[in-house]
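For reference, the structure is listed below as structure tokens.
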Amino acid sequence: YLRCPSKSKTKRLAFSVGTLIFVFCLFIAINDYIRPKYRVLDIVLDSYQNLGLISAMWLRWPNRLSFPFTIYGIALFDIDVVTPHCAFSDWDYPHAFALMNLLPFAYCLCRYLKFRIRYDRNDVLEWNRCIGSCQSFVLGSLPSLMTYSFGMLTQRRIEGYGIVLAQSPGTEAGQLSIRICQGAAI
């Protein structure tokens with residue numbers, strides 16, 4: 001884990017925003033430079049992401065599966081790799097959910113701006129690459145988006161406190177949640 005900088009709010013904000021930008025740039029590098037070069041990586045990532053999605057379900061998995069499930073979860077490339085708790089102490093699952101849903105739009109905007117700056121507007125080949133890259137990113141992020149969406153739908157009862165989101169016990173559950181209790185749906 002990385003430690004937060006000193007108590008200066010400016011340094012904490014810069015650190016949090018900087019790490020989020022770094023992760024976003026890592027997403028771009030993987031999608032624009034690594035995945036197109038090594039097509040087999042797409043198959044491996046897609047498989048691991050799908051397994052990560054399955055492993056995130058609220059089922060009673062045997063303990064011996066915890067290590068492979070951790071590997072599959074890493075392949076989901078979710079935004080929780082770095083959380084901005086240094087600058088935003090109230091950061092919680094709903095915030096990460098919103099940010100995760102904005103990532104595909106942010107990526108496509110960055111890719112479009114890159115196209116507009118570097119290429120002629122009539123360059124059909126580069127325009128097709130731009131569109132294809134955006135589609136690839138959106139499809140590649142679907143398992144993560146689904147995981148976050150399921151997390152916003154599931155809730156659990158905590159005695160003496162009420163019904164909360166399963167992924168965020170400090171957040172009261174809304175109307176569209178699915179209640180779970182001890183791993184079983186009710």
Side-chain angles (χ1 to χ4, degrees), residues 1-38 41-42 44-46 48-53 55-56 66-119 126-127 129-152 164-172:
Y1 292 99
L2 298 174
R3 292 185 181 201
C4 294
S6 67
K7 297 186 184 209
S8 165
K9 285 188 177 190
T10 307
K11 287 182 181 179
R12 288 176 176 260
L13 180 62
F15 177 77
S16 293
V17 171
T19 53
L20 287 173
I21 289 172
F22 173 76
V23 168
F24 183 67
C25 290
L26 185 61
F27 288 164
I28 290 172
I30 289 170
N31 198 65
D32 281 359
Y33 302 107
I34 297 172
R35 285 177 77 172
K37 221 178 217 183
Y38 306 102
L41 187 61
D42 273 343
V44 172
L45 276 176
D46 288 346
Y48 275 33
Q49 286 177 335
N50 291 333
L51 289 168
L53 179 63
S55 70
S66 64
F67 178 72
F69 282 0
T70 301
I71 302 296
Y72 303 148
I74 291 170
L76 286 173
F77 294 120
D78 65 11
I79 201 62
D80 283 337
V81 170
V82 233
T83 56
H85 280 103
C86 285
F88 309 103
S89 58
D90 62 341
W91 186 267
D92 207 356
Y93 195 81
H95 298 103
F97 173 75
L99 184 60
M100 195 67 194
N101 279 288
L102 288 174
L103 275 178
F105 297 108
Y107 174 81
C108 291
L109 177 64
C110 288
R111 191 63 173 91
Y112 174 74
L113 292 174
K114 177 183 172 184
F115 168 76
R116 291 290 300 232
I117 292 168
R118 293 184 68 191
Y119 302 102
E126 282 306 319
W127 175 248
R129 285 185 183 152
C130 176
I131 297 295
S133 180
C134 290
Q135 289 173 335
S136 176
F137 187 86
V138 169
L139 291 174
S141 64
L142 277 178
S144 294
L145 293 173
M146 288 175 59
T147 302
Y148 272 84
S149 296
F150 291 146
M152 288 300 288
V164 297
L165 291 179
Q167 296 292 336
S168 177
T171 306
E172 282 190 41

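One is the number of the first residue; the rest follow in order along the sequence.
- Distance check: Cys108 SG to Leu103 CG gives 10.5 Å after rounding to the nearest 0.5 Å.
- More than 12 heavy atoms of other residues, nucleotides or ligands sit less than 6.0 Å from atom OH of Tyr119.
- Checking Tyr112, Tyr107, Phe105, Phe24 one by one against Phe137, the ring-ring contact (aromatic ring centres under 6.0 Å, His included) holds for a single residue, Tyr107.
- Rounding to the nearest 0.5 Å places NZ of Lys9 at 12.5 Å from OG of Ser16.
- Of all non-hydrogen atoms in Cys134 and Arg111, the two that sit nearest each other are SG-CB, 3.9 Å.
- Here CZ of Arg116 is found 10.5 Å from SG of Cys130. Values are rounded to the nearest 0.5 Å.
- At least one donor-acceptor pair under 3.5 Å links the side chain of Thr19 to the backbone N or O of Phe15.
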